[in-house]
Amino acid sequence: MAPDALVRLDAVSKIFPGGIVGLDAVDLDIARGEFLTLLGPSGCGKTTSLRVIAGFESPSSGKVLLEGRDITALRPFDRPVNTVFQDYALFPHMNVAENVGFGLSLRKLSGTEQAKRVGEALDMVGLGDKIGARVSELSGGQRQRVALARAIVCEPRVLLLDEPLSALDAHLREQMQVELKRLQSRLGTTFVMVTHDQTEALSISDRIVVMNKGRIEQIAPPATLYDRPATKFVASFIGTMNLLQSRFVDRDGDRLRFTAGALPLEAISETGEAPGEGAVRTIGVRPEDLLVATEAASGTAPARVNSIVFHGRTLRLHAELGQGMPVVIDAPRRAEGFQFSVGDVAHISLRRGANCPMLSS
Ligand SMILES: Nc1ncnc2c1ncn2[C@@H]1O[C@H](COP(=O)(O)OP(=O)(O)OP(=O)(O)O)[C@@H](O)[C@H]1O
Ligand SMILES: [Mg+2]
């Protein structure tokens, strides 16, 4: 166990009635004070992981540890953990202060102490002036903040957030991401958030856990996940990645040379090992790491442009390398007179210094 791990899932499995696998032998260390995000497609086990940590769901096998202590059998209310649910679950008949103070009233604090802490929590989420408002008078973003205030007022060691921003519009959502991150740094509380939005995960997290079918595919900080995805699943889930079937040619130091059709590629060997001569591997290439030119040159391969999509600063070209291999390229729009039309042949090459991962399945 990592020395600073606050929560640990130790080989946790959850099998639901009918044999449905919610979690499949998940090992996870959550560090004290980190902002950890669980990311993955619908049904991959994100909510189940949170519910197991909160104690609403007991594992079929495996253990939940808090600072090394086995809390698997502890009831939710006895854990120093609070949850913000996706639908906020506010009490509609109570005003803002009563909602936020609800958890405190169960703890038999004095009225003055309660009022002080409710006021502080509401100030923290920027809603000090809404203390007496009715929940029905609040916007979606404000309800979201009340739910947050209600969760932090009890000063949990771990705050669990299940898709907390999914009900908000894009603009408010981005604003709340910044605020959530700021709140987390200020409180120093461990946040575990669930999302299926990769952009949100990349922008807010210290580390991201990518899940697939009840298992963990990879745990890494955002930049590592983006630059060095370990598996095809992670590569295709985080941003856009061309997965090119490539043949190994030779190695040059720690650089492994491949060709995808006629396109020369270079990959970094993470392990220092090289595949056998002629072996076929999947190489991940980001659309922004491919360059287009009108003329063939050494290191280029022809690709027919099938469509051009406007993306603002860049144009996304969907093209086809030889043998029907699809490839996506992001080309700067203002580039010295971008001059391709659908049906043209572009000569594409790998940007010098591009870091292409060699992916396992
Ligand atoms: N109470 C339950 N009874 C039976 N199956 C369940 C139950 N809860 C979850 N599951 C199943 O376990 C799997 C994981 O569900 P979970 O809710 O953790 O997914 P998720 O990653 O949160 O998905 P989403 O993004 O859709 O919220 C799914 O196949 C789901 O159908
Ligand atoms: Mg869920």
Side-chain angles (χ1 to χ4, degrees), residues 6 30 32-37 50 53-54 56 76-77 79-195 197 199-206:
L6 182 61
I30 302 170
R32 195 184 309 278
E34 79 172 321
F35 199 127
L36 186 82
T37 301
L50 287 197
I53 296 170
F56 297 122
F77 190 70
R79 303 185 184 200
V81 173
N82 249 310
T83 309
V84 177
F85 297 98
Q86 183 168 352
D87 58 0
Y88 316 151
L90 296 177
F91 305 115
H93 58 285
M94 295 184 187
N95 70 17
V96 168
E98 289 161 347
N99 262 284
V100 175
F102 183 74
L104 294 178
S105 62
L106 299 177
R107 294 188 184 195
K108 303 191 177 69
L109 289 174
S110 77
T112 348
E113 177 64 18
Q114 273 188 45
K116 179 167 159 279
R117 283 172 62 171
V118 166
E120 282 169 359
L122 282 169
D123 283 342
M124 201 104 67
V125 298
L127 280 184
D129 56 337
K130 295 283 182 199
I131 194 157
R134 299 158 65 91
V135 167
S136 58
E137 295 163 4
L138 302 179
S139 72
Q142 289 167 337
R143 285 176 204 206
Q144 169 61 58
R145 288 172 215 214
V146 173
L148 262 177
R150 185 177 61 178
I152 61 177
V153 79
C154 296
E155 298 176 350
R157 309 281 302 278
V158 185
L159 188 61
L160 306 176
L161 304 125
D162 195 352
E163 308 240 13
L165 309 180
S166 62
L168 308 180
D169 67 54
H171 183 71
L172 190 55
R173 191 172 174 139
E174 206 175 319
Q175 188 185 329
M176 281 299 295
Q177 284 168 6
V178 175
E179 288 181 21
L180 205 56
K181 179 74 194 163
R182 201 181 293 153
L183 183 68
Q184 189 264 343
S185 330
R186 191 144 35 113
L187 293 172
T189 305
T190 305
F191 277 33
V192 183
M193 184 180 83
V194 160
T195 183
D197 178 344
T199 318
E200 182 162 294
L202 289 173
S203 54
I204 208 169
S205 323
D206 295 318

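Side chain of T195 to main chain of D197: a donor-acceptor pair is present (N/O by atom type, distance under 3.5 Å, no hydrogens or angles). Of the possible donor and acceptor atoms, one in the side chain of S203 sits under 3.5 Å from a partner among the backbone N and O of E200. Remark: side-chain polar atoms of Q184 are paired, donor with acceptor, to backbone N or O of G33 under 3.5 angstrom. Between the Q142 side chain and the S139 main chain, a donor and an acceptor come within less than 3.5 Å of each other. Looking at R32, its side chain never comes within 3.5 Å of a backbone N or O of L6 through a donor-acceptor pair.
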May I have the step-by-step check of side chain to side chain contact (heavy atoms under 4.5 Å, CB included) for R79 and I53, ending in yes or no? CA-CA 9 Å; R79 303 185 184 200; I53 296 170; 5.6 Å; no
Does the pair I30 and V158 meet the rule for a side chain to side chain contact (heavy atoms under 4.5 Å, CB included), with working shown? CA-CA 10 Å; I30 302 170; V158 185; 5.8 Å; no
For the pair F91 and E98, evaluate side chain to side chain contact (heavy atoms under 4.5 Å, CB included) and give the outcome as yes or no after the intermediate values. CA-CA 9 Å; F91 305 115; E98 289 161 347; over 6 Å; no
Trace of the side chain to side chain contact (heavy atoms under 4.5 Å, CB included) decision for T37 with I204: CA-CA 8 Å; T37 301; I204 208 169; 4.0 Å; yes
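Note that the CG atom of L138 and the CZ atom of R145 stand 10.5 Å from one another [nearest 0.5 Å]. The CG atom of L104 lies 5.5 Å from the CG atom of L109; values are rounded to the nearest 0.5 Å. Expressed to the nearest 0.5 Å, how far CZ of F35 lies from OG1 of T190 amounts to 11.0 Å.
In terms of heavy-atom proximity, P156 sits nearest to A151 at CD-O, 3.4 Å. The two residues V153 and R117 have their closest heavy-atom pair at O-NH2, 3.1 Å. Closest non-hydrogen pair, M176 versus L148, comes out as CE-CD1, 4.1 Å. Considering every non-hydrogen atom in both A54 and V81, the closest pair reads CA-CG1, 4.1 Å. The shortest non-hydrogen separation linking Q144 to V84 is NE2-CG1, 4.1 Å. Taking both residues in full, the closest heavy atoms of G101 and V118 are given as CA-CG2, 3.6 Å, listed atom of the first, atom of the second, then distance.
Under the 4.5 Å side-chain criterion, counting only non-hydrogen atoms from C-beta, L180 is in contact with F191. Contact annotation: the side chain of K181 approaches that of D206 to within less than 4.5 Å [non-hydrogen atoms, C-beta and beyond].
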Side-chain donor-acceptor contacts of residues 122-137 below 3.5 Å, not counting sequence neighbours, with atom names and distances?
from: E137; atom 1: OE1; to: R134; atom 2: N; distance (Å): 3.3

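Within a 6.0 Å sphere centred on CD of E174, other residues, nucleotides and ligands contribute 12 heavy atoms or fewer.
Sorted pairs that involve residues 159-169 and meet salt bridge (charged side-chain N to carboxylate O under 4.0 Å, His left out), not counting sequence neighbours, are lacking altogether.
Judged as a side chain to side chain contact (heavy atoms under 4.5 Å, CB included), and not counting sequence neighbours, the contacts of P80 are L66, R157.
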